[in-house]
Novice: 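Quick one: the structure is below, questions incoming.
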Amino acid sequence: MNILMVCLGNICRSPLAEGIMKEKAKKYNLQIKVDSAGTAAYHAGEYPDSRSMEVALKNGIDISDQRARKFRSDDFERFDKIFAMDDSNYSNLIALAQTPEDKEKVEMILNKVHPGEDKSVPDPYYGGKDGFDKVFDMLDKACEKIASEIATKNN
Ligand code: 4NP
């Protein structure tokens, strides 16, 4: 199972989602591949935002090895599941999908904890540090659910 986490810049939210999901994979002993990307290329090649690296480290996760990249259409072939952080990322991904199978791979990540509600992970980029704490907690709950579901299916 290959999972891709997608936001706009791939420096704030999706790097956290990638780091948290990799940690959950260790916790549940899952053989999965996790990556992240942004729908925009503004920050391609950059480290995660320092506030994301800080909140991750505070929670025992080092995401400093990550570098931002833009989503590519062949990601639809390379990944089984593509999680969008917000409704705008979701619409952009659906617009890039070539087949009904591609579209089916895309899901709003918070629907894992609030099914059918299409809630967005708020963009913390222009806000303060507390926004990053909130994003971490939301993503931690969603990734815990994703990981426990995979673990259950595998058993
Ligand atoms: P992200 O946050 O999509 O969670 O990585 C953002 C990062 C950069 C920008 C917007 C959102 N930006 O406008 O540069």
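Just so you know, these numbers come straight off a predicted model, no measurement behind them.
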Novice: Identify the heavy atoms of Phe79 and Lys105 that sit nearest to each other, and give their distance.
Specialist: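 Heavy atoms of Phe79 and Lys105 come nearest at O-NZ, 3.0 Å.
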Novice: May I ask you to decide if Ala17's main-chain N or O and Ser14's side chain share a donor-acceptor pair within less than 3.5 Å?
Specialist: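 A pair under 3.5 Å: no.
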Novice: If I compare all heavy atoms of Tyr28 with all of Ala151, which pair ends up nearest, and what's the gap?
Specialist: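 Taking every non-hydrogen atom into account, CD2-CB, 3.7 Å.
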Novice: As a test of understanding, state which of Ile150, Ile82, Asp35 forms a side-chain contact (heavy atoms from CB on, under 4.5 Å) with Ile3.
Specialist: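 Result for side-chain contact (heavy atoms from CB on, under 4.5 Å) with Ile3: Ile150.
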Novice: Could you tell me which non-hydrogen atom of Asp102 sits nearest to which non-hydrogen atom of Ala97, and how far apart they are?
Specialist: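 For Asp102 and Ala97, the tightest heavy-atom pair comes out as CB-CB, 3.6 Å.
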Novice: For the CZ atom of Phe83 and the CE atom of Met108, what is their distance to the nearest 0.5 Å?
Specialist: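 Phe83 atom CZ to Met108 atom CE measures 12.0 Å (nearest 0.5 Å).
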Novice: May I ask you to check whether over 12 heavy atoms, not counting those of Lys81, lie within 6.0 Å of atom NZ?
Specialist: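 Above 12, so yes.
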Novice: Strictly below 4.0 Å, N to O, side chains only: are Asp86 and Lys119 in salt-bridge contact?
Specialist: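 Result for this pair is no, no salt bridge flagged.
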Novice: Are Leu139 and Ile61 connected, step by step, through hydrophobic side chains (Ile, Leu, Val, Met, Phe, Trp, Tyr) whose heavy atoms are closer than 4.5 Å?
Specialist: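 Yes: a chain of side-chain contacts under 4.5 Å links Leu139 to Ile61.
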Novice: Is there a donor-acceptor pair closer than 3.5 Å between any side-chain N or O of Asp140 and the backbone N or O of Phe136?
Specialist: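 Not confirmed, Asp140 side chain does not pair with Phe136 backbone.
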Novice: Taking all heavy atoms of Leu110 and all of Ala142, pick out the closest pair and write down the distance.
Specialist: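 For Leu110 versus Ala142, the nearest heavy atoms are CD2-CB, 4.4 Å.
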Novice: Could you please spell out the steps behind the side chain to side chain contact (heavy atoms under 4.5 Å, CB included) verdict for Arg69 and Arg72?
Specialist: CA-CA 9 Å; Arg69 74 169 178 92; Arg72 304 192 305 257; 4.1 Å; yes
Novice: Give the cluster check for Ile109 versus Val6: same hydrophobic cluster or not, with ILVMFWY residues linked at side-chain heavy-atom distances below 4.5 Å.
Specialist: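 No, separate clusters.
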Novice: For the atom pair NZ (Lys27) and CE (Met21), what is the distance rounded to the nearest 0.5 Å?
Specialist: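 One finds 10.5 Å between NZ of Lys27 and CE of Met21.
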Novice: Val34 and Val106: same hydrophobic cluster, using ILVMFWY side-chain contacts below 4.5 Å?
Specialist: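 Hydrophobic grouping puts Val34 apart from Val106.
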Novice: Looking at Lys58 and Glu54, is any side-chain nitrogen of the basic one under 4.0 Å from a carboxylate oxygen of the acidic one?
Specialist: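 No.
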Novice: Count the heavy atoms belonging to other residues, nucleotides or ligands that lie under 6.0 Å from OH of Tyr47, then report whether that count exceeds 12.
Specialist: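 No, the 6.0 Å shell around OH holds no more than 12 heavy atoms from other groups.
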Novice: CG/Leu96 to OG/Ser91 distance, rounded to the nearest 0.5 angstrom?
Specialist: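 Taking CG in Leu96 and OG in Ser91, the distance rounds to 11.0 Å.
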Novice: Check for a donor-acceptor pair, side chain of Glu18 on one end and backbone N or O of Ser36 on the other, with a separation under 3.5 Å.
Specialist: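 Looks like yes, one N/O pair under 3.5 Å.
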Novice: Just wondering, do Lys22 and Lys26 contact through their side chains at under 4.5 Å, heavy atoms?
Specialist: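 In short, these two side chains do not touch, never coming nearer than 4.5 Å.
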Novice: Grouping I, L, V, M, F, W and Y whenever their side-chain heavy atoms are under 4.5 Å apart, do Met53 and Ile11 come out in a common cluster?
Specialist: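 Result: no, two separate clusters.
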Novice: A side-chain contact here means heavy atoms from C-beta on lying under 4.5 Å apart; do Asp87 and Asp118 qualify?
Specialist: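 Result no, sub-4.5 Å side-chain heavy-atom pair not found.
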Novice: Measure the spacing between CD1 of Ile20 and CE of Met138 and express it to the nearest 0.5 Å.
Specialist: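 Answer rounded to 0.5 Å: 11.5 Å.
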Novice: Where do Met85 and Cys7 come nearest, in terms of heavy atoms and distance?
Specialist: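 Closest approach of Met85 to Cys7: CG-CB, 3.6 Å.
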Novice: Can you confirm whether Tyr125 sits close enough to Leu8 that some side-chain heavy atom of one is under 4.5 Å from a side-chain heavy atom of the other?
Specialist: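 Counting from C-beta outward, Tyr125 and Leu8 never come under 4.5 Å.
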Novice: Check whether any side-chain heavy atom of Gln66 sits under 4.5 Å from a side-chain heavy atom of Ile63, and report yes or no.
Specialist: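 Gln66 vs Ile63: side chains touch.
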Novice: Classify the side-chain pair Asp49/Ser52 by whether it contains a donor and acceptor separated by less than 3.5 Å.
Specialist: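 Looking only at side-chain atoms, Ser52 and Asp49 do not form any donor-acceptor pair under 3.5 Å.
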Novice: Is Asn59 reaching over with its side chain to a backbone N or O of Val55, donor-acceptor style, under 3.5 angstrom?
Specialist: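 A pair under 3.5 Å: yes.
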Novice: Any Lys/Arg nitrogen of Glu144 or Lys141 sitting under 4.0 Å from an Asp/Glu carboxylate oxygen of the other?
Specialist: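 Result for this pair is no, no salt bridge flagged.
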Novice: Please report the interatomic distance CG(Asn10) to NZ(Lys70), rounded to the nearest 0.5 Å.
Specialist: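 It is 12.0 Å, given to the nearest 0.5 Å.
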Novice: For Gln31, I'd like to know if atom CD has over 12 heavy atoms of other residues, nucleotides or ligands within 6.0 Å.
Specialist: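 Counting neighbours around CD of Gln31, 12 or fewer heavy atoms of other residues, nucleotides or ligands fall under 6.0 Å, so no.
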Novice: Can you name the nearest heavy-atom pair linking Met5 to Cys143, along with the distance?
Specialist: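 Minimum heavy-atom separation between Met5 and Cys143: CE-SG, 4.1 Å.
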Novice: Do the ring centers of Phe71 and Phe76 come within less than 6.0 Å of each other?
Specialist: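 Yes - the distance between ring centres of Phe71 and Phe76 falls below the 6.0 Å cut-off.
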Novice: Test side chain to side chain contact (heavy atoms under 4.5 Å, CB included) on Glu149 and Lys145 and set out the steps.
Specialist: CA-CA 6 Å; Glu149 279 184 7; Lys145 187 76 187 290; 3.6 Å; yes
Novice: Would you confirm whether Asp80, through its side chain, and Asn2, through its main-chain N or O, come within 3.5 Å as a donor-acceptor pair?
Specialist: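 Looks like yes, one N/O pair under 3.5 Å.
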Novice: Looking only at atom types and distance, does a side-chain atom of Arg13 sit under 3.5 Å from a main-chain N or O of Val121, one as donor and one as acceptor?
Specialist: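 Yes; at least one donor-acceptor contact below 3.5 Å.
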Novice: Does a side-chain N-to-carboxylate-O contact under 4.0 Å join Arg78 and Asp75?
Specialist: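 Salt bridge flag = yes for Asp75 with Arg78.
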Novice: Please confirm whether the backbone N or O of Asp130 pairs with a side-chain atom of Arg51, one donor and one acceptor, at under 3.5 Å?
Specialist: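 Flag not set: sc Arg51 to bb Asp130 has no pair under 3.5 Å.
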Novice: Is a side-chain N or O of Arg67 found less than 3.5 angstrom from the main chain of Ser64, in a donor-acceptor match?
Specialist: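 The answer is yes, because a donor-acceptor pair under 3.5 Å joins these two groups.
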